[in-house]
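For the single chain, residues carry numbers from 1 onward in sequence order.
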Amino acid sequence: MKVVLIGYMGSGKSSVGRKLADVLRIPFKDMDTEIEKQEGVSISEIFRKKGEIYFRTLEGKILKKLLSRPECFVLATGGGTPCYGSNMAFMAEKEGLMTVYLKTPLETLTSRLFLEKEKRPLLAHIKTEEELNDYIRKHLFERSYYYNQSKFVIENKSESLGEAVEKVILGLF
């Protein structure tokens, strides 16, 4: 079985994914890390030098390559991964693959992401928390169509990491 976590940036995909992989005793993979390994540079550098279209094309290729492997693992995708190209349709058709949307409240996303916006290429230009809130709200509206196609939707409010992982496990089994 492969478990693919999707959701907006800051929703906890990597944190929940690492803990979930530990509990399930299977490897954890992170899309950003896989992309950086292949390209030999950071995500920020890819965006800066080659742009978002190049990044999204590369992301889709790496996603399909990863999910075509036979082994089990937990994968944390990027926030936009399911929303570009045929990525969500590809995931929906894959046998033995469980997609889980970590649905996180707007206020939680805003407060988490404002603290780390400089590290995120799509957010670095935003100056205030209000601007960030509006930006996220717009993206969530656009992306919810894709996110909600997941096999499981987990409300990821402000519970502990352990509680979030427990919700995912209960959804899967």
Side-chain angles (χ1 to χ4, degrees), residues 1-38 43 52 55-113 120 122 135-173:
M1 171 176 59
K2 291 177 184 69
V3 179
V4 179
L5 301 176
I6 67 170
Y8 200 73
M9 61 179 122
S11 64
K13 298 178 300 291
S14 295
S15 300
V16 170
R18 278 187 197 89
K19 180 76 172 162
L20 178 64
D22 285 345
V23 170
L24 297 176
R25 294 190 170 104
I26 59 176
F28 170 73
K29 297 186 181 297
D30 181 273
M31 275 301 296
D32 286 351
T33 302
E34 296 296 319
I35 292 167
E36 289 175 341
K37 265 197 275 185
Q38 180 168 315
I43 299 297
E52 187 174 4
F55 173 80
R56 294 300 176 192
T57 303
L58 177 64
E59 180 182 50
K61 287 177 186 172
I62 292 173
L63 175 74
K64 289 170 181 153
K65 183 178 165 186
L66 273 174
L67 297 181
S68 295
R69 293 181 183 169
E71 70 267 17
C72 298
F73 54 82
V74 174
L75 174 66
T77 64
T81 306
C83 309
Y84 291 89
S86 60
N87 293 346
M88 197 66 204
F90 180 82
M91 289 188 279
E93 294 168 3
K94 280 305 263 184
E95 195 79 22
L97 185 131
M98 308 303 279
T99 49
V100 179
Y101 170 27
L102 296 180
K103 188 175 185 179
T104 308
L106 175 63
E107 298 73 27
T108 304
L109 294 171
T110 302
S111 62
R112 285 180 186 170
L113 291 171
R120 300 190 181 259
L122 295 174
Y135 181 89
I136 295 169
R137 181 182 295 111
K138 178 182 175 282
H139 265 166
L140 285 175
F141 177 77
E142 294 167 347
R143 293 177 175 190
S144 65
Y145 169 78
Y146 300 98
Y147 292 165
N148 284 308
Q149 291 178 43
S150 294
K151 290 186 176 121
F152 299 101
V153 176
I154 304 296
E155 296 286 337
N156 187 28
K157 296 184 179 154
S158 55
E159 58 267 324
S160 72
L161 181 58
E163 289 170 323
V165 169
E166 187 177 319
K167 282 182 172 182
V168 173
I169 289 172
L170 289 172
L172 295 174
F173 301 102

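In this structure, Cys72 and Pro27 approach most closely via the heavy-atom pair O-CD, 3.4 Å. Smallest separation of non-hydrogen atoms from Phe141 and Ser144: O-OG, 3.3 Å. Nearest approach of Lys94 to Lys151, heavy atoms of both residues: O-NZ, 4.2 Å. Taking all atoms of both residues into account, the shortest heavy-atom contact from Tyr146 to Pro82 is CD2-O, 3.5 Å. For the residue pair Thr77 and Lys13, the shortest heavy atom distance occurs at O-CE, 2.8 Å. Here the shortest heavy-atom pairing between Met9 and Leu109 reads O-CD2, 3.5 Å.
Heavy atoms of other residues, nucleotides or ligands lying less than 6.0 angstrom from CZ of Arg69 number more than 12.
The CE atom of Met31 lies 5.0 Å from the CD atom of Glu59; values are rounded to the nearest 0.5 Å. Here the CD1-CG distance, from Ile154 to Leu170, works out to 8.0 Å after rounding to the nearest 0.5 Å. A distance of 9.0 Å separates CZ of Arg137 from CG of Leu140, quoted to the nearest 0.5 Å. One distance of note links NE2 of His139 with OH of Tyr147; it measures 8.5 Å at 0.5 Å rounding. From Leu63, atom CG reaches atom NZ of Lys29 across 13.0 Å, with rounding to the nearest 0.5 Å. If you take OH on Tyr135 and CG on Leu113, they are separated by 10.5 Å, rounding to the nearest 0.5 Å.
Within the 4.5 Å cutoff, the side chain of Tyr101 has heavy atoms near those of the Asn148 side chain. At a threshold of 4.5 Å between non-hydrogen side-chain atoms, the residues Glu52 and Arg56 count as touching. For the pair Leu161 and Val16, the minimum side-chain heavy-atom distance is below 4.5 Å. Residues Ser150 and Met91 form no side-chain contact, since every pair of their non-hydrogen atoms from C-beta on lies 4.5 Å or further apart. Between Leu75 and Leu67 there is a side-chain heavy-atom pair separated by less than 4.5 Å. Residues Glu34 and Gln38 fail the side-chain proximity criterion, which asks for heavy atoms closer than 4.5 Å.
Put simply, the side chain of Gln149 gets close to the backbone of Tyr145: a donor and an acceptor are under 3.5 Å apart. In terms of modelled atom types and a separation under 3.5 Å, the side chain of Ser11 and the main chain of Tyr8 share a donor-acceptor contact. Judged by distance alone, with hydrogens and angles left aside, the side-chain atoms of Arg143 form a donor-acceptor pair with the main-chain N or O of Gly79 at under 3.5 Å. With hydrogens and angles disregarded, no donor-acceptor distance shorter than 3.5 Å links the side chain of Thr99 to the backbone of Val4. Side-chain atoms of Lys2 come within 3.5 Å of backbone N or O of Glu71 as a donor-acceptor pair.
Pairs passing the ring pair (Phe, Tyr, Trp, His ring centres under 6.0 Å) check and including a residue from residues 61-83, sequence neighbours excluded, do not occur.
Remark: Phe55 pairs with Phe47 by the ring pair (Phe, Tyr, Trp, His ring centres under 6.0 Å) rule, at least two apart or across chains.
Lys64 and Ser86 share a donor-acceptor pair across their side chains, judged by distance under 3.5 Å alone. Asn87 and Thr81 form no side-chain donor-acceptor contact under 3.5 Å, judged by distance and modelled atom types alone.
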Next item on the list: Carefully, step by step, assess Glu163 and Lys167 under the rule salt bridge (Lys or Arg N to Asp or Glu O under 4.0 Å).
Entry: CA-CA 6 Å; Glu163 289 170 323; Lys167 282 182 172 182; over 6 Å; no
Margin query: Run Thr108 and Asn156 through side chain to side chain contact (heavy atoms under 4.5 Å, CB included) and show every step you take.
Written below: CA-CA 10 Å; Thr108 304; Asn156 187 28; over 6 Å; no
